[in-house]
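Working notes for the structure below.
Quick caveat: nothing in here was measured; it's all calculated off a predicted structure.
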Amino acid sequence: MFDPVTATLREGKTFPPKHYTEDTLLAAMETAGVEDTPEDAERKGLGTSATRAATIEKLVHVGFTERRGKQLLPTERGKSLIAVLPDMLTSPMLTAEWETRLLDIERGSLEADAFMGEIGDFTRLLVEEHSKPDPAFTHLFKGKAADSDSESIGACPRCKSPVRERGKGFFCDDRACGFALWKDNRFFSCKKKELKKPVAVALLKDGRVSMKGLYSEKTGKTYDATVVLDDSGGKYVGFKLEFEKKGRKDGQ
């Protein structure tokens, strides 16, 4: 037998987490790895007050994050790095724990050789478990891609090698080339569109694709335009808009 319960239905809305600002990120870095006790608050965290700010500046400088107003937003390069690295390496808990171990060495409660032994074991485990790169990120490595399990959707506009769909995007088989069309490309997401396979196929074949219902962040309205592949051969592929009626180009 079960005790009777009273259930109610309530309508509500959920919202995605807010992006970090420099202040909120510094606060998060300070308390990373902290449990519930004052001792943990003293021992854990990422770096010092000086090095935390320097770490953020370095992330911006190397292009992993960018400032937009007060917000710190990840770049496509930063998203790529997070996606390709094992989860254990991207966890702030790992760095916080290492900071704690270094503090233990400083206080004399841990031998440096013991800590380095742990680092060696950890490194060997990473090599054993992640010796083969994820095929979705072969464009990040040099040389020719060994796998060709997915069907080619077109020729790379840079080197004419096959482009294939893998995981989070469409990538050139030539790893040294680096051409990639990411499905979560910001150019398309800002216009509330996705870079789906038919769009990628058209861009590779004709260098352009007509799209309807593109969203304007400035006006809040939608419009029709032609998206043109505007690739200069850099790390990231660019796009621009062409408007047939007025013949106007928009390089947003």
- [ ] Tell me, please, whether Tyr215 has Lys192 positioned over its six-membered ring: NZ or CZ under 6.0 Å from the ring centre and within 45 degrees of its axis?
- [x] yes

Open item on the list: So Thr226 and Leu241, do their side chains get closer than 4.5 Å, heavy atoms only?
Closed with: no

- [ ] Check whether any side-chain heavy atom of Phe179 lies under 4.5 Å from a side-chain heavy atom of Cys159, and answer yes or no.
- [x] no

- [ ] Check step by step if salt bridge (Lys or Arg N to Asp or Glu O under 4.0 Å) holds for Lys160 and Asp173.
- [x] CA-CA 10 Å; Lys160 307 306 179 185; Asp173 271 1; over 6 Å; no

TODO: Answer whether the closest heavy-atom distance between the side chains of Thr222 and Leu214 falls below 4.5 Å.
DONE: no

Task: same_hphob_cluster(Val201, Val228) at 4.5 Å side-chain heavy-atom cutoff - done: no

Task: Check ion pair Arg107-Asp104 (N to O, under 4.0 angstrom) - done: no

- [ ] For the residue pair Arg158 and Val237, establish whether any side-chain heavy-atom pair is separated by less than 4.5 Å.
- [x] yes

Open item on the list: Give me the atom names and distance for the closest heavy-atom approach of Thr65 to Leu73.
Closed with: OG1-O, 2.8 Å

Task: Separation of Asn185 CG from Lys191 NZ (nearest 0.5 Å) - done: 9.0 Å

TODO: Would you please name every residue forming a side chain to side chain contact (heavy atoms under 4.5 Å, CB included) with Ser152, sequence neighbours left out?
DONE: Pro162, Arg164

- [ ] Determine, stepwise, if the pair Ile56 / Met29 fulfils side-chain contact (heavy atoms from CB on, under 4.5 Å).
- [x] CA-CA 10 Å; Ile56 294 176; Met29 294 170 71; 4.2 Å; yes

TODO: Kindly work out whether a path of hydrophobic side-chain contacts (I/L/V/M/F/W/Y, heavy atoms less than 4.5 Å apart) joins Val209 to Leu229.
DONE: yes

TODO: Indicate if Ile119 and Ile105 have the same hydrophobic cluster label, given that clusters are the connected sets of ILVMFWY residues with side-chain heavy-atom separations under 4.5 angstrom.
DONE: yes

Open item on the list: Restricting to side chain to side chain contact (heavy atoms under 4.5 Å, CB included), what partner residues turn up for Leu94, sequence neighbours left out?
Closed with: Leu89, Trp98, Phe122

- [ ] Test the Arg77-Phe64 pair against the cation-pi criterion, namely NZ or CZ under 6.0 angstrom from the six-membered ring centroid and within 45° of the ring axis.
- [x] yes

- [ ] Name all residues meeting the salt bridge (charged side-chain N to carboxylate O under 4.0 Å, His left out) criterion together with Arg208; count only those two or more places apart in sequence or in a different chain, and write none if there are none.
- [x] Glu242

TODO: Determine whether Tyr236 and Val62 fall in the same hydrophobic cluster, where Ile, Leu, Val, Met, Phe, Trp and Tyr are linked whenever their side-chain heavy atoms lie under 4.5 Å apart.
DONE: no

- [ ] Give a yes or no on this: more than 12 heavy atoms of other residues, nucleotides or ligands lie within 6.0 Å of atom OH of Tyr20.
- [x] no

Task: Presence of salt bridge, Lys168 and Asp184, under 4.0 angstrom - done: no

- [ ] Can you sort out the partners of Lys183 under salt bridge (charged side-chain N to carboxylate O under 4.0 Å, His left out), two or more places apart, ordered by chain and number?
- [x] Glu165

- [ ] Taking all non-hydrogen atoms of both residues into account, name the closest pair between Ser161 and Asp174 and its distance.
- [x] OG-CB, 3.8 Å

Task: Residues forming a side chain to side chain contact (heavy atoms under 4.5 Å, CB included) with Glu57, sequence neighbours excluded - done: Glu22, Arg67

Open item on the list: Applying ring-ring contact (aromatic ring centres under 6.0 Å, His included) to Trp182 and Phe171, what does each step give before you reach the verdict?
Closed with: CA-CA 8 Å; Trp182 291 89; Phe171 308 104; 5.1 Å; yes

- [ ] Calculate, to the nearest 0.5 Å, the distance between atoms NZ and CG belonging to Lys70 and Asp23 respectively.
- [x] 8.5 Å

- [ ] Evaluate the criterion side-chain contact (heavy atoms from CB on, under 4.5 Å) for residue pair Thr21 and Thr24; output intermediate values, then yes/no.
- [x] CA-CA 5 Å; Thr21 65; Thr24 58; 3.2 Å; yes

Task: Rounded distance (nearest 0.5 Å) linking atom OG1 of Thr95 with atom CD of Glu97 - done: 10.5 Å

- [ ] Determine whether Leu72 and Glu66 make a side-chain contact, defined as any pair of heavy atoms from C-beta on separated by less than 4.5 Å.
- [x] no

TODO: Spell out, yes or no, whether Ile82 and Leu25 are grouped together once hydrophobic residues are joined by side-chain heavy atoms under 4.5 Å, including indirect joins.
DONE: no

- [ ] Of all the heavy-atom pairs spanning Asp224 and Phe243, show the shortest one and how long it is.
- [x] O-CD2, 3.9 Å

Task: Working for side-chain contact (heavy atoms from CB on, under 4.5 Å), residues Leu203 and Phe239 - done: CA-CA 10 Å; Leu203 289 172; Phe239 304 92; 3.8 Å; yes

Open item on the list: Side chains of Val199 and Phe170, heavy atoms from C-beta outward: is any pair under 4.5 Å?
Closed with: no

TODO: Report yes if the side chains of Glu30 and Leu26 come closer than 4.5 Å at any heavy-atom pair, otherwise no.
DONE: no

Open item on the list: Does Lys221 qualify as a cation-pi partner of Tyr223, given the criterion of NZ or CZ under 6.0 Å from the six-membered ring centre and within 45 degrees of its axis?
Closed with: no

TODO: Quick one: list whatever passes salt bridge (charged side-chain N to carboxylate O under 4.0 Å, His left out) with Glu118, sequence neighbours left out.
DONE: Arg101

Open item on the list: Is any side-chain heavy atom of Phe187 closer than 4.5 Å to one of Leu195?
Closed with: no

